[in-house]
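The structure appears below as structure tokens.
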Amino acid sequence: MFFGGLLLLLIERGRALDWNQVGASLAAYDAEALALAALFGVLSYALYCSFDLFGRRYTGHRLSTSAVTSTAFVSYAFNLNLGALVGGIGFRYRLYSRYGLDAATITRVLGLSMVSNWLGYLPLAGAVFVSGVVSLPPQYRFGEMALQLLGYGLLLVAPAYLALCAFSSRRYWRIRGLRIDLPHAPMAFAQLALSVANWLSIAGIVWMLLGGQIAYPMVLGALLLGAIAGVLTHVPAGLGVLEAVFLTVLDGRMAEAPILAALLAYRAIYYLVPGLIALLVYLGLEAKARWRPVALRSSV
């Protein structure tokens, strides 16, 4: 109900909004601000690609760094634009299988990447939600209380994972024939550190595009809330969901036109441009795979 209310809010405000003001706010960006936002985006993509490098070490496969990072980049860009099922999962299986990895190995790489991605989200979101940095309008106070309760739960997960990896005497389980190994403590701590850095970098893009006029912790909180809202609503690319969350969280703190302009610029920098680049990379990988013998791919 809470997220449904946010979407209704976006529709109502979208009808009343002066889109000429949004266009003017977009036109007002200078090259320096866009370049700095893009640098945050590049950093985030690099951090995300490192999760699949963890997967290489975790599974012991021997694909080259370029093969792993190109697959991770394409999958992540398509994941953002098309959704997790098509992008994050479908393209990973297709590309890694092109390189000769079996389904079990791909599943383990994918699983570790997903854990790495959300591991950093948990303590950040927990701290933000518990602290009350994300302050909702009066009509959503029930949602604010729920956020704080959720935050306390989220704060417990990452330490539990790290403790399990560091101290558990049992190092693997089998689920439907698939072996799931616990990473060793150094890898688990690296997962957490790089994942936290990734989420902070993503928030840095929006904060930069808002001109630093909104406190960074509040921007981070809105982004984290928007991320989980996008997952729960199953909307590809969180289209409309992220905008609704930001308009709600920043209500009364900044005019709506520059907020939406910042989010449109964010989507262009972090979604659309990487998506177009990923499409070109994917077509190149597919063309290369047509003549590369399958038997040789595991040594790429």
Side-chain angles (χ1 to χ4, degrees), residues 40-77 79-80 84 87-89 91-93 95-97 99-127 153-204 220 224 227-228 231 297-300:
F40 276 115
V42 170
L43 176 60
S44 172
Y45 270 87
L47 289 166
Y48 186 89
C49 289
S50 72
F51 301 157
D52 278 40
L53 294 176
F54 285 149
R56 178 177 66 178
R57 180 162 184 164
Y58 176 70
T59 61
H61 74 69
R62 295 183 298 167
L63 296 185
S64 68
T65 298
S66 61
V68 172
T69 54
S70 61
T71 298
F73 168 74
V74 168
S75 300
Y76 185 48
N79 174 53
L80 290 176
I89 298 175
F91 277 90
R92 256 198 188 88
Y93 273 97
L95 290 174
Y96 275 135
S97 64
Y99 284 115
L101 296 188
D102 58 70
T105 300
I106 299 171
T107 300
R108 295 176 70 205
V109 171
L110 174 62
L112 190 76
S113 177
M114 293 175 64
V115 169
S116 299
N117 181 50
W118 290 102
L119 186 62
Y121 176 95
L122 299 172
L124 284 175
L154 294 179
L155 284 173
L156 299 175
V157 180
Y161 175 77
L162 295 177
L164 190 65
C165 291
F167 303 115
S168 176
S169 58
R170 184 173 182 179
R171 304 308 302 176
Y172 72 91
W173 290 263
R174 287 192 180 276
I175 300 178
R176 295 185 178 181
L178 179 66
R179 174 167 170 154
I180 300 176
D181 293 85
L182 275 179
H184 292 291
M187 180 180 287
F189 279 96
Q191 284 178 279
L192 176 61
L194 294 184
S195 180
V196 166
N198 181 40
W199 286 102
L200 294 177
S201 299
I202 299 172
L220 175 63
L224 296 173
I228 194 63
V231 171
R297 290 175 197 164
S298 61
S299 62
V300 175

Looking at every non-hydrogen atom in both residues, tell me the closest pair between G120 and L192 and how far apart they are. CA-CD1, 4.1 Å

Donor-acceptor pair, distance only, cut-off 3.5 Å: does the side chain of S75 make one with the backbone of A72? no

Does T105 offer a backbone N or O that forms a donor-acceptor pair with the side chain of D102 under 3.5 Å? yes

Are any side-chain N or O atoms of S113 and backbone N or O atoms of V109, one a donor and one an acceptor, separated by less than 3.5 Å? no

Show every ring-ring contact (aromatic ring centres under 6.0 Å, His included) that has at least one partner inside residues 100-125, sequence neighbours left out. W118-Y121, W118-W199, Y121-W199

Hey, is the main chain of P186 close enough, under 3.5 Å, to the side chain of H184 for a donor-acceptor pair? no

Step by step, would you call R92 with V74 a side-chain contact (heavy atoms from CB on, under 4.5 Å)? CA-CA 8 Å; R92 256 198 188 88; V74 168; over 6 Å; no

Out of the candidates L53, D52, L63, only one should pair with T69 under the side chain to side chain contact (heavy atoms under 4.5 Å, CB included) rule; please name it. L53

How far apart are the closest heavy atoms of S201 and L47, and which atoms are they? OG-CD1, 3.9 Å

How close do I202 and S44 get, counting heavy atoms only, and between which atoms? CG1-OG, 3.3 Å

Residues, nucleotides or ligands: over 12 heavy atoms within 6.0 Å of R171 CZ: yes

Nearest heavy-atom pair of G88 and N79: which atoms, and what distance? N-CB, 3.4 Å

Hits for ring-ring contact (aromatic ring centres under 6.0 Å, His included) against F54, two or more places apart or cross-chain, chain-then-number order -> none

Which heavy atom of S97 sits nearest to which heavy atom of I106, and what is that distance? N-CD1, 3.7 Å

Least distance between heavy atoms, L124 atom then V196 atom: CD1-O, 3.9 Å

Start with the C-alpha distance between Y172 and I180, add both sets of side-chain angles, then the distance that settles side-chain contact (heavy atoms from CB on, under 4.5 Å), and finish with yes or no. CA-CA 5 Å; Y172 72 91; I180 300 176; over 6 Å; no

Indicate, with yes or no, if the rings of Y96 and Y99 have centres closer together than 6.0 Å. no

Any chance you could measure F51, atom CZ, to L194, atom CG, to the nearest 0.5 Å? 6.5 Å

Check: S70 side chain, S66 main-chain N or O, donor-acceptor pair, under 3.5 Å: yes

Side chains of N198 and S195 only: does a donor on one sit below 3.5 Å from an acceptor on the other? no

Quick one: side chain to side chain donor-acceptor pair (under 3.5 Å) pairs with a partner in residues 155-170, sequence neighbours left out? Y161-Q191

